[in-house]
Every structure is written in C-alpha cells, then in structure tokens.
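What follows is a set of notes on a single structure, which appears directly below.
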Protein chains: 2
Amino acid sequence: MLPSSTVENYLKAIFLGQSQLTGAQRLLPMGQLALSLGVAPGTATTMVKALAESGLVEYEPYNGVRLSGAGSRLAALVLRRHRLIELFLVQVLGMRWDEVHDDAEQLEHVVSERLIERIDEVLGHPEVDPHGDPIPSREGEVVWRALDSLLTCPLHTPVTVMRVTDQDAAFLRFLEKHDLKPGQSIEVEARDEVSDSVSLKGKTDQRITIGMRAASKLLVEVR
Amino acid sequence: MLPSSTVENYLKAIFLGQSQLTGAQRLLPMGQLALSLGVAPGTATTMVKALAESGLVEYEPYNGVRLSGAGSRLAALVLRRHRLIELFLVQVLGMRWDEVHDDAEQLEHVVSERLIERIDEVLGHPEVDPHGDPIPSREGEVVWRALDSLLTCPLHTPVTVMRVTDQDAAFLRFLEKHDLKPGQSIEVEARDEVSDSVSLKGKTDQRITIGMRAASKLLVEVR
DNA sequence: ATTAGAATTTTGAGTAGTCAAAATCACCGC
DNA sequence: GCGGTGATTTTGACTACTCAAAATTCTAAT
Ligand SMILES: [Mn+2]
Ligand SMILES: [Mn+2]
Ligand SMILES: [Mn+2]
Ligand SMILES: [Mn+2]
C-alpha cells in the first residue's frame with residue numbers, strides 16, 4: 001500500500017526531528033512531533049501507533065518514536081523530491097528561494113517517479129537545494145556533511161555559507177538582502193554572549209550584526 | 001472553503017461530461033458521472049447533493065446534475081491547470097504526450113496560483129495543450145472552437161488535425177506513429193459504413209485505414 | 001517517599017469520502 | 001392501466017484523519 005500524503009509528512013517530520021537530536025537513542029518525543037506537524041498531541045500518538053503497526057517506525061510509549069530502516073528510506077525519498085522540486089522551481093521557473101517551500105510541500109507527494117527523475121536530469125543531478133540542504137540519492141541515502149555554524153566557526157577566518165536551516169520567508173529575504181546566501185564568503189568578526197550577538201564582515205566589507213539565534217541557523221565551511 | 005481534490009475532480013468530470021451532451025438541458029445523468037469518476041453510483045449521488053448544498057451545481061433528482069456559474073468557473077480553472085501542466089511536462093521536461101496525463105491529474109490539485117502563472121508565462125500563454133484541448137483563460141473562460149471530426153469533414157480535401165479527444169496512451173502512441181498528431185495535414189479518402197472504416201492519406205502519401213470509433217476522436221479543420 | 005507539574009495517552013466524537021446491497025422510482029411496452 | 005427493467009437513491013457500515021478534554025504516567029523537587 002502506497003503511503004498517503006499524511007504518512008509521508010509524518011515520516012519526514014520524524015526524520016527531520018531525529019536529525020536534530022543529540023544522543024544515541026534518537027528518540028523523538030511525541031510533543032515535538034505534534035508541534036512540528038501542527039497537530040494535537042493525541043493525534044500524533046494515534047498516527048505513530050499505526051505507523052509502528054506497518055513497520056515504518058519503532059514506538060516507545062512515553063518515550064518517543066524512531067524511524068525503522070524502511071521508514072527512514074521512505075522519508076529520505078520524500079525529502080529528495082521536496083528538495084529537487086525546490087531547486088527546479090528556482091532554477092527553471094525563476095521563482096524566489098523564499099517562496100518555493102510551500103509549493104514543494106504539496107508537490108513532493110504527487111510527482112511520479114518518472115517526473116522526479118526528469119527533473120533530476122534537467123538539473124544535472126544536483127547535490128544541494130536552494131537552501132543548501134543535501135538532496136538524498138535515489139536509494140534514500142543522505143550525505144551528512146559536518147558543518148560549523150556561525151556560533152562555532154573560527155573568528156577572523158574566511159568561511160563560505162553552505163546551508164540555511166530555517167525556511168521562514170522573511171528570514172530568507174533578510175539573508176538575500178545582506179548577501180548571506182549559500183555560496184557567499186564572509187568572516188565572523190566577533191561574538192558577544194552578553195548582547196547575544198554575532199558580528200559579520202561581508203564581501204564588500206559591509207558589516208552586519210545579527211542575533212545568536214539567527215547565527216545558529218547559518219552553516220558555514222572554512223575555506 | 002477551498003475545494004478538495006475530490007470536489008475538483010467531480011466538477012471537472014461534470015464539466016467534461018456536460019460538454020459531450022447534446023440538447024439545451026445539459027443535464028448529466030448520475031450513472032455517467034459515477035462511471036467517469038470510477039465511483040459507485042450511490043457515492044456520486046451523495047457527493048452531488050453536497051455540491052448542490054454549496055451552490056456549485058444544480059441537482060435534479062433522477063434526472064441529473066448541471067454546473068452552476070461558480071462551479072463552471074472552478075471546473076474550467078482546474079482544466080486550465082491540467083492542460084498547462086501537460087504542455088509544460090512535454091515542452092520543458094521532454095516527457096511524451098502519452099505519459100503526461102496521469103501526472104497532470106494529480107498536479108492540477110496542488111500547484112499554486114503563482115506556480116501555474118509562472119508555467120503559463122514560460123510557455124508563452126499557449127492556447128492548446130499537447131492533445132489540442134483548449135486552455136481556459138485565467139478567468140475561467142473556454143473558447144469553444146467548432147471542429148469537424150474525421151467522420152464529418154469533407155472528402156478528398158486537405159485538413160489539419162487539431163485535437164484528439166482520447167487520452168489513452170496506446171491510442172496516442174498509435175497516432176504518433178502514423179503522423180496523426182495535431183498539426184499534421186491529412187485527407188479523408190473514403191468512408192465505408194459497412195466495414196465501419198475510414199481511409200486516410202497522410203503527408204508522404206501513406207495510406208491508413210482506421211475504425212469509425214477511432215476516427216470520431218480525431219478533430220480536424222479544413223485548411 | 002510524596003507530590004505537583006508536565007508530557008503523554010485514552011476516550012468520545014466529528015468530517016470527508018467511499019462501497020455494497022436494499023429500496024425506490026421512472027419509463028416503456030403492451 | 002400494469003409490470004418489468006434499468007437507473008437512481010437510500011441505508012448502514014467502514015477507513016483515514018482529526019480534535020478537545022479527561023485520564024494516566026513519568027519525573028524531578030522537596
Ligand atoms: Mn508535505
Ligand atoms: Mn529547502
Ligand atoms: Mn485530478
Ligand atoms: Mn490533454
């Protein structure tokens with residue numbers, strides 16, 4: 001039985017939630033899952049029990065949920081479609097990187113195997129989407145690249161923005177306006193715990209100071 | 001309340017069914033509707049009563065159903081999305097004209113206003129889809145072009161194939177193989193009631209004979 | 001050890017869409 | 001006018017998904 005849009009969204013949310021998790025357990029609490037899906041807690045519990053029935057997740061009552069091998073593969077394929085579609089909308093249809101997420105959220109559930117492979121081909125088998133998120137392979141494998149955030153990278157050292165871990169449209173437009181899109185080169189000038197801020201130097205020597213919460217969402221690589 | 005995929009499919013099926021109808025009533029029988037949606041007769045009845053509640057159709061028990069103004073506009077917009085998507089898949093993604101229908105059937109329900117307008121623009125505001133079906137306007141207006149079929153057009157006269165009224169993949173591949181796609185020029189050599197057949201002369205003087213049922217699905221225009 | 005508070009699960013109910021089969025209706029031929 | 005036939009509607013039931021609110025369980029602080 002092929003998974004419904006709802007099931008695909010649950011699997012994807014668990015996948016994403018788990019990837020944020022530290023610790024070997026990788027158990028995502030139901031509350032977090034419900035929150036990320038915008039659903040009542042009881043709803044998530046019910047659904048997760050059904051997913052466990054069909055072998056897509058392991059469920060530990062009162063502790064949380066974890067994807068099985070099959071579930072993980074399925075989730076990665078949804079993510080693959082989502083990210084290929086986002087890139088396609090930007091690259092081929094000229095949409096902005098801050099407006100493609102919602103369309104991709106729907107399209108990821110209906111594009112056929114054939115269609116997504118055509119898209120992949122037209123794009124030349126890309127490795128990352130417009131936000132720098134890695135595109136899982138046809139087989140459901142994701143290459144997890146270790147990246148610093150602006151909170152952990154070395155100071156006074158040129159780094160390249162590689163990835164943005166927040167899809168909020170206003171945030172993305174802010175980044176674009178200040179040349180902080182993936183691919184851009186910047187330097188962290190200073191971090192200050194007290195003022196909760198990080199100061200950056202951009203390409204043409206513009207300076208900008210952002211909050212630490214925002215800084216944590218920009219992932220970079222030392223060049 | 002925005003219409004579900006199911007509602008959109010019902011409206012589209014009624015729209016298409018009605019367009020086949022002769023007579024001023026334009027009342028589509030429930031049996032026909034149920035058949036075209038692949039649904040049990042009782043299911044169609046229930047759904048149509050709900051559609052009537054929300055003012056999208058007029059329902060005459062035991063007689064049939066007819067779209068209201070609002071329903072008709074909505075149906076035309078679904079059709080607009082369907083046909084733009086089909087053309088896009090062929091033109092931009094290089095898919096074959098016999099394999100785009102199923103994808104379009106799903107995509108028509110999830111593409112956003114913004115996305116479909118981008119697609120329309122990239123395609124240069126086309127008037128017909130790969131099968132020659134007219135693309136309704138943004139406002140939900142369809143230009144009904146009067147066309148002959150191969151059963152009614154004059155004999156021994158060059159005509160241009162304009163439209164194919166059957167999405168069956170095998171049939172479409174057959175047409176392609178024999179240069180009978182929209183745009184091609186042909187002539188009807190003969191019709192024979194007894195053998196239920198129509199004989200055609202193609203571009204490079206190839207001849208081919210097809211059944212009347214098939215011939216009725218090819219719409220042409222005298223040049 | 002108790003216990004308050006938070007997280008989670010359970011319960012009861014509701015919506016959207018579907019089917020099979022029984023009941024009903026419309027119409028045509030006689 | 002009377003039946004019979006086929007189309008249509010009604011009925012009762014089921015699946016998938018959801019919520020609000022009550023009940024339960026876990027945990028961490030006293
Ligand atoms: Mn989604
Ligand atoms: Mn993305
Ligand atoms: Mn459809
Ligand atoms: Mn078409």
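Naming convention: chains lettered A, B, ... in sequence-line order (proteins, then strands); numbering from 1 in each chain.
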For B/Leu27 and D/dT8, give me the distance from atom CG to atom P, rounded to whole Å.
-> 11 Å
Nearest-nucleotide comparison on DNA chain D, the residue closer to the 5′ end among A/Gly42 and A/Asn63 = A/Gly42
Is A/Gly31 touching bases, backbone alone, or none of the nucleic acid, heavy atoms closer than 4.0 Å?
-> sugar-phosphate
Under 4.0 Å between a side-chain N/O of A/Thr6 and OP1 or OP2 of D/dC17, yes or no?
-> yes
note: A/Leu35, atom CG; C/dA6, atom P; distance rounded to Å ~ 16 Å
Side chain of A/Val39 only, please: which of C/dC19, C/dT10, D/dC19 is the nearest?
-> D/dC19
Whole-Å distance between D/dT9 C1' and B/Tyr59 OH?
-> 7 Å
Selection from C/dT18, C/dG17, D/dT8 that lies nearest to any side-chain heavy atom of B/Tyr10 = C/dT18
Atom pair distance, as rounded to whole Å: CE in A/Met1 and C1' in D/dT15 = 11 Å
Distance test, side-chain N/O of A/Thr46 to OP1/OP2 of D/dC17, below 4.0 Å = no
Looking at the rings of A/His131 and A/His101, which for Trp means the six-membered one, are their centres under 6.0 Å apart?
-> no
C/dC19 phosphate, OP1 or OP2, under 4.0 Å from B/Thr43 side-chain N/O = yes
OP1 or OP2 of C/dT9 under 4.0 Å from side-chain N/O of A/Lys49 | no
Charged N to carboxylate O under 4.0 angstrom, A/Glu141 versus A/Arg73?
-> no
By nearest-heavy-atom nucleotide on DNA chain D, the more 5' of A/Tyr62 and A/Ala40 is A/Ala40
Just say parallel, tilted or perpendicular for the rings of B/Phe88 and A/Phe88, cut-offs at 30° and 60°.
-> perpendicular
Interatomic distance where CG belongs to B/Leu2 and C1' belongs to C/dA16 [whole Å] = 14 Å
Integer-rounded Å distance: C/dT18 P and B/Met30 CE | 13 Å
Salt bridge between B/Glu60 and B/Arg26, side-chain N to carboxylate O under 4.0 Å?
-> no
A/Gln32 CD to C/dA6 C1': how many Å, rounded?
-> 14 Å
Counting side-chain heavy atoms from CB outward, which of D/dC17, D/dT8, C/dT9 is closest to A/Pro61?
-> C/dT9
Are B/Lys49 and B/Tyr59 in a cation-pi contact, defined as NZ or CZ under 6.0 Å from the six-membered ring centre and within 45° of the axis?
-> no
For A/His109 and D/dC17, what is the distance between atoms NE2 and P respectively, to the nearest whole Å?
-> 12 Å
